[in-house]
K.L.:
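A single structure is presented below for examination.
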Amino acid sequence: LADLGLPGRVALRFVEADVTREADAERVRELGPFDAAIASLFISYVDDPVGVLRSVGAALVPGGRLVVSSLRRDADISGIFQEGIAELEAGVLAGETFGLGSDEVRDAARSFLNAGARLVDLEESGAFRFYDERELARLVKQAGFTVEATAPAFGTPPQAWVVVGRRR
């Protein structure tokens, strides 16, 4: 925030909670209200996505913004992997390895790729569901938001969808 010249004007708070549990959802509401929430790449893994989005919305001020994303069906994790490797290699060259050696960074990246491939297999088997642009926007609307924008994300071709909604 300091690099962007925003200290004092913007405050960020990371809140980790299982909003499918009422006690956690209540705790999040008590911490709020928030102006915005980011729900990145997790909505595919919950049983009641509309309920979760409603719970997040209850912690927002009226007019608060929600940014939610989902991998698309048949996502090509290899593109995300290649971009990630390029970023990691640039970090290694800049000395930003979080205390890891370059071999450990590569091993972590390979582990990520394997986990990503497993996610696609699980989605195809019906263990959870990835959403296309229209479906994700419909979930956001059903949860009580006005959809302001949709956008492709994660590479070319895009491997995910992002929907921005505003709490009514």
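Residue indices begin at 1 and follow the sequence shown.
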K.L.:
To the nearest 0.5 Å, tell me how far Asp48 CG sits from Ile43 CD1.
P.N.:
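Those atoms lie 8.5 Å apart.
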
K.L.:
Do Arg73 and Glu124 come close enough that some side-chain heavy atom pair is under 4.5 Å?
P.N.:
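Side-chain contact under 4.5 Å: no.
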
K.L.:
Which heavy atom in Val28 sits nearest to a heavy atom in Ala17, and how many Å separate them?
P.N.:
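Reported closest heavy-atom pair: CG2-CB, 3.5 Å.
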
K.L.:
Please determine whether residues Trp161 and Val50 belong to a single hydrophobic cluster, defined as Ile, Leu, Val, Met, Phe, Trp and Tyr linked transitively by side-chain heavy-atom distances below 4.5 Å.
P.N.:
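Linked within one cluster.
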
K.L.:
If you take all heavy atoms of Leu71 and Leu41, which pair is closest and at what distance?
P.N.:
N-CD2, 3.6 Å

K.L.:
Report all side-chain donor-acceptor pairs from residues 146-154 shorter than 3.5 Å, counting only partners two or more places apart or in another chain.
P.N.:
unit_1 : atom_1 : unit_2 : atom_2 : d
Glu148 : OE1    : Arg65  : NH2    : 3.4
Glu148 : OE2    : Arg166 : NE     : 2.6
Thr150 : OG1    : Glu133 : OE2    : 2.6

K.L.:
For the backbone of Pro158 and the side chain of Arg72, can you confirm whether one donor and one acceptor N or O come within less than 3.5 Å of each other?
P.N.:
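Side chain of Arg72 to backbone of Pro158, a donor-acceptor pair under 3.5 Å: yes, one is there.
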
K.L.:
Please name the pair of heavy atoms, one in Ser44 and one in Phe128, separated by the smallest distance, quoted to 0.1 Å.
P.N.:
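So the two residues come closest at O-CB, 2.9 Å.
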
K.L.:
Would Ser55 and Arg29 count as a side-chain contact (heavy atoms from CB on, under 4.5 Å) if you check the C-alpha gap in whole Å, the side-chain angles of each, and the deciding distance to 0.1 Å?
P.N.:
CA-CA 8 Å; Ser55 185; Arg29 287 190 295 273; 4.1 Å; yes

K.L.:
Does any non-hydrogen side-chain atom of Glu123 lie less than 4.5 Å from one of Ser125?
P.N.:
no

K.L.:
Surrounding CZ of Arg168 (heavy atoms of other residues, nucleotides or ligands, distance under 6.0 Å), is the total greater than 12?
P.N.:
yes

K.L.:
For the CG atom of Leu139 and the CZ atom of Arg134, what is their distance to the nearest 0.5 Å?
P.N.:
13.0 Å

K.L.:
Looking at every non-hydrogen atom in both residues, tell me the closest pair between Val52 and Phe42 and how far apart they are.
P.N.:
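Minimum heavy-atom contact is CG1-CE1, 3.7 Å.
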
K.L.:
Please determine whether the number of non-hydrogen atoms from other residues, nucleotides or ligands lying under 6.0 Å from atom CG of Asp121 exceeds 12.
P.N.:
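Buried by this count: over 12 neighbours within 6.0 Å.
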
K.L.:
Could you walk me through whether Glu30 and Arg27 pass salt bridge (charged side-chain N to carboxylate O under 4.0 Å, His left out), step by step?
P.N.:
CA-CA 5 Å; Glu30 289 171 0; Arg27 182 174 62 82; over 6 Å; no

K.L.:
Mind checking whether Val61 and Val19 sit in one hydrophobic cluster, side chains of I, L, V, M, F, W, Y counted as touching below 4.5 Å?
P.N.:
no

K.L.:
How long is the span from the CZ atom in Phe145 to the CG atom in Leu66, to the nearest 0.5 Å?
P.N.:
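Going from the CZ atom of Phe145 to the CG atom of Leu66 covers 4.5 Å.
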
K.L.:
For Arg167 and Pro62, which heavy atoms make the closest approach, and how far apart are they?
P.N.:
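Arg167 and Pro62 have their closest heavy atoms at NH1-N, 3.6 Å.
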
K.L.:
For the pair Ser70 (side chain) and Phe130 (backbone), establish whether a donor and an acceptor sit closer than 3.5 Å, ignoring hydrogens and angles.
P.N.:
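Checked: no pair found.
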
K.L.:
Mark yes when over 12 heavy atoms from residues, nucleotides or ligands other than Ile38 sit less than 6.0 Å from its CD1; otherwise mark no.
P.N.:
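12 or below, so no.
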
K.L.:
What is the distance from atom OG1 of Thr20 to atom OH of Tyr45, rounded to the nearest 0.5 Å?
P.N.:
15.5 Å

K.L.:
Are Val67 and Leu136 connected, step by step, through hydrophobic side chains (Ile, Leu, Val, Met, Phe, Trp, Tyr) whose heavy atoms are closer than 4.5 Å?
P.N.:
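Result: no, two separate clusters.
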
K.L.:
Please test Val56 against Val68 for side-chain contact (heavy atoms from CB on, under 4.5 Å), starting from the C-alpha separation and ending with a verdict.
P.N.:
CA-CA 11 Å; Val56 170; Val68 63; over 6 Å; no

K.L.:
Can you name the closest pair of heavy atoms from Pro33 and Leu60 and give their distance?
P.N.:
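Looks like CB-C, 4.2 Å.
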
